[in-house]
There are 4 protein chains.
Amino acid sequence: MPTPKAASSRTPDATRRSERSRRAIYDAALALVAEVGYARTTVEGIASRAGVGKQTIYRWWPSKSAVLLDAYLDLTGQAGPEAQAGPEAQAGPEGGEERDEPAEPAGLPDTGDLAADLKAVLRATVDELDDPRFEAPTRALTAEGVIDPELGARFVERLLEPQLRLYVRRLAAARDAGLLRPDADLRVAVELLVGPLTHRWLMRTRPLTHAYADELVDHVLRGIAPR
Amino acid sequence: MPTPKAASSRTPDATRRSERSRRAIYDAALALVAEVGYARTTVEGIASRAGVGKQTIYRWWPSKSAVLLDAYLDLTGQAGPEAQAGPEAQAGPEGGEERDEPAEPAGLPDTGDLAADLKAVLRATVDELDDPRFEAPTRALTAEGVIDPELGARFVERLLEPQLRLYVRRLAAARDAGLLRPDADLRVAVELLVGPLTHRWLMRTRPLTHAYADELVDHVLRGIAPR
Amino acid sequence: MPTPKAASSRTPDATRRSERSRRAIYDAALALVAEVGYARTTVEGIASRAGVGKQTIYRWWPSKSAVLLDAYLDLTGQAGPEAQAGPEAQAGPEGGEERDEPAEPAGLPDTGDLAADLKAVLRATVDELDDPRFEAPTRALTAEGVIDPELGARFVERLLEPQLRLYVRRLAAARDAGLLRPDADLRVAVELLVGPLTHRWLMRTRPLTHAYADELVDHVLRGIAPR
Amino acid sequence: MPTPKAASSRTPDATRRSERSRRAIYDAALALVAEVGYARTTVEGIASRAGVGKQTIYRWWPSKSAVLLDAYLDLTGQAGPEAQAGPEAQAGPEGGEERDEPAEPAGLPDTGDLAADLKAVLRATVDELDDPRFEAPTRALTAEGVIDPELGARFVERLLEPQLRLYVRRLAAARDAGLLRPDADLRVAVELLVGPLTHRWLMRTRPLTHAYADELVDHVLRGIAPR
DNA sequence: ACATAATCGAGACGGTACGTCAGGTCTTTTT
DNA sequence: AAAAAGACCTGACGTACCGTCTCGATTATGT
């Protein structure tokens, strides 16, 4: 099964790829996951809903989860620079549906008030996790990544780590300004913010609230405050 | 004929249930998940490996994940008090493998040294999460629970929450002894311990180590130390 | 499969048999065949409808078709003298539904007018074959007998041959009276009457009518008339 | 979703049909019926023996009996003009069923000696019915047709009636030559030939012999001879 | 401008597994 | 001891999708 087979159909010509089909596949995949859930979303269903042949999906993606990951990256604006040649070139002209966020994660706000900034960001995360538009595919991908290390790695590399790095950067700025202990392990601090939040969301142990986000920030900052 | 009797085909008579079959199903399910992974574990495969008719599985469980959950509960000793009549035979004759933990999680150690106790427990958790015997089914159930709220709720209620409560109890003892801030939110503290650990394990962002466990404990205790 | 297995459950004690159950099974079997057809009649369905355990059926009959054959024999009054001990003894008391025909085929009418007698009998047969009460089980048993030689033999021996013998007897009386050729093969003559009728009914090539019955009689008698 | 498209999953594209699979299915079906009998022949068994997916059978036939009928028609040379490619071009758009008889059986011999000709044909029929290659599927289809009017109708229309018409035609030729009564009902005469023969075969009341065939012919011709 | 080659929509194919139904056996409890 | 009940293993059902494999019918260059 994993044997590549080296046939003629290997490595299709990406320059000839139909942009319309790709878009339609993304839209169909996200819509189906949102509507019927990940498990009952099928490649056949995506193809049929996208008005596309099944082979067009299998030509470009190895699995349902890979399609969904790309669709999700596209949705969140992290448009995958690996899977396609250079979509940004003609992304302007035909436009398609306009996406909210344009491209690279912008960097965390820095008003000087670290606690406030972190709370704002975590609250936004809470809101996003509660947004049904994001919830279903995020859960689907996370769950898939928990089981499939391959996919999990891509998910982490492309989505999670970039975000965590932003936190680290913001904390580093605060530390350099003398607002945090010089020896604080910022990476662990970030995980102390994100880990519990994610845990609650994944496990549904308690409702995700702004208050909880605030509490986390207060708790963590107390742990890495100077002295 | 479409509604034959409601009583007979709905809830089968649990007193007539074959203990041998249940055991065989648990063992087969866990073995298969460990060997080929959750996705490629099938109900048919479990039945065949357990030497059991498919219907015997469908008679007692609604889905593959439900089987696995019960198998896992049985494995960890939280033997489901709902699925069977009671400890009627108490496994005497045919025995099967004896399970290490009998019933309720034993309670966290309390040597008086809170940090040491927590570290010991978290390190043990790290070891368990690295044990391949537990890893596959735990990941499988966690992932399934992320997507299926029903299953997730059972998973949390039967496994996660009881454990978290043990932490809270241990922390409460420390707080009552004046070792922690009186106003500390112990639940959040526990989540600050468990959340990041789980996050690393699920996402595979960094290796899970004893050092990390220690770091978490130190960090959290610093946040809820008196004063 | 055909291996009898010689277990303890062989040859149950017929004297202890429940007459009530047997009746209920016959009624349920005939009703189901009439209602849903033979193929969709199941042993389980018969048992459930008769308010009887499945084993009670398997204890006394080897197969669905055997049940139906006995039920049919019971219906037509040829009450099987082999399958049960002596039902006629106490058949009086509880009675159940009264059957139209009492027992042995009474013998064909003999008014002296052979053609008229034969026509009357054949017309009656036509009517019976059109009676929905008889049609479904008769078709079912005939079809089963076509494929299963065992069952077919019992069907022929218990139902068909006795009837054919009556025809032969009537024809023999006519021949002895000089109304037929002395050398006529009466058995073949009977088959010339019954064969085409059965053929039409089984194959549904043409409607079964009294006129057709008459035509057959006329045709056949013409073939074996004296000279 | 319950009504997906009506067009696609209803009538599959017959031009894309795999001829190899169809042949393999026919062969497997006939072989299995001959080997294990009709009742123990399963769709799954046919598929597996033919090296074909089950769906490939269900795509083109509604039931086991339908497969067998087509296989049998193919075997006897009445190759079904509806099931495979061929005159699809001018069948019109969706083309109702305007089936006349396409591949008519060759016609009965006409040596001028009617009795001899009929005997030859009936003897050949006897031989065919005794040929184990034909016996099992013929019995299976006949029995199925006895119970399932739909299938029975197709069986009669495609196999039985064309044959009977040949007899009628031969008899008509003889009648026109003055060898039979002008007013003889030829259809009934044919049934008097075929009915008893079929009856013996189906019911297994007596062995099927050439002598019996001859007797039938003599008997019937005596009934419709001139005068 | 056009041939040429790849992608595309479509969907048939050999498969695997699904969840259900029933067959026939066995066991438990009731009569 | 037979009967009602029904759990059990088995095996087939008919369906849904999998991933592969043709098919014409568009594109979409690249000489």
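Each chain gets a letter, A, B and so on, in the order the sequences are listed, and its residues count up from 1.
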Figure out the [atom1]/[atom2] separation between [X] and [N], and round it to whole Å.
{"X": "B/Arg17", "N": "F/dA5", "atom1": "CZ", "atom2": "P", "answer": "23 Å"}
{"X": "A/Trp61", "N": "F/dG19", "atom1": "CH2", "atom2": "C1'", "answer": "16 Å"}
{"X": "A/Arg59", "N": "E/dG9", "atom1": "CZ", "atom2": "C1'", "answer": "10 Å"}
{"X": "B/Glu19", "N": "E/dT27", "atom1": "CD", "atom2": "C1'", "answer": "16 Å"}
{"X": "C/Ile46", "N": "E/dG24", "atom1": "CD1", "atom2": "P", "answer": "11 Å"}
{"X": "A/Ile57", "N": "F/dC17", "atom1": "CD1", "atom2": "C1'", "answer": "13 Å"}

Does A/Ser21 or D/Ser21 map to a spot on DNA chain E nearer the 5' end, using the closest nucleotide for each?
A/Ser21

Where [X] and [Y] come nearest, the two heavy atoms and their spacing:
{"X": "A/Ala143", "Y": "B/Ile147", "value": "CB-CD1, 3.6 Å"}
{"X": "C/Tyr72", "Y": "C/Pro137", "value": "CD1-CB, 3.8 Å"}
{"X": "D/Ala50", "Y": "D/Ala24", "value": "CB-O, 3.5 Å"}
{"X": "D/Val43", "Y": "D/Ile57", "value": "O-CD1, 3.9 Å"}
{"X": "B/Ile46", "Y": "B/Leu32", "value": "N-CD1, 3.6 Å"}
{"X": "B/Leu68", "Y": "B/Ala140", "value": "CD2-CB, 3.9 Å"}

Tell me every residue that passes side-chain hydrogen bond (donor to acceptor under 3.5 Å, both in side chains) with [X], counting only those two or more places apart in sequence or in another chain.
{"X": "D/Glu35", "value": "D/Arg49"}
{"X": "B/Ser65", "value": "B/Ser63"}
{"X": "D/Thr42", "value": "none"}

Using only side-chain N and O atoms of C/Trp60, determine if any of them is under 4.0 Å from OP1 or OP2 of F/dA3.
yes

Does A/Thr56 have a side-chain nitrogen or oxygen under 4.0 Å from the phosphate oxygens OP1 or OP2 of E/dG9?
yes

Which pairs, with at least one residue in residues 36-45 of chain A and sequence neighbours excluded, count as a salt bridge (Lys or Arg N to Asp or Glu O under 4.0 Å)?
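Listed once each, the pairs are A/Glu44-A/Lys54.
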
Once side-chain contact (heavy atoms from CB on, under 4.5 Å) is applied, do any residues pair with A/Thr56, and if so which ones, sequence neighbours excluded?
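For A/Thr56, the residues satisfying side-chain contact (heavy atoms from CB on, under 4.5 Å) (neighbours in sequence not counted) are A/Ser21, A/Ile25, A/Val52, A/Arg59, A/Trp60.
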
Of the listed nucleotides F/dA7, F/dC8, E/dC13, the one nearest the side chain of B/Asp13
F/dA7

Using C1' atoms of five pairs at each end, report the bend of the helix from E/dA1-F/dT31 to E/dT31-F/dA1 rounded to 10 degrees.
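Between the first-five-pair axis and the last-five-pair axis there is 10°.
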
Side chain A/Lys64, main chain A/Tyr38, donor-acceptor under 3.5 Å
yes

Residues in salt bridge (charged side-chain N to carboxylate O under 4.0 Å, His left out) with B/Glu150, at least two apart?
none

So, using salt bridge (charged side-chain N to carboxylate O under 4.0 Å, His left out) as the criterion, who are the partners of D/Arg23 when residues are at least two apart?
D/Asp27, D/Asp74

Under a 4.0 Å heavy-atom cut-off, which of residues 28-37 of chain D touch DNA chain F?
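Those residues: none at all.
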
Dump every N/O contact between nucleotides 24-31 of chain F and the protein below 3.5 Å, one line per pair.
unit_1: F/dA28; atom_1: O4'; unit_2: A/Arg16; atom_2: NH1; d: 3.4

How does protein reach along nucleotides 15-23 of chain E, written 5' to 3' as B (base within reach of a heavy atom under 4.0 Å), S (only sugar-phosphate), or - (no contact)?
B-BBBBBBB

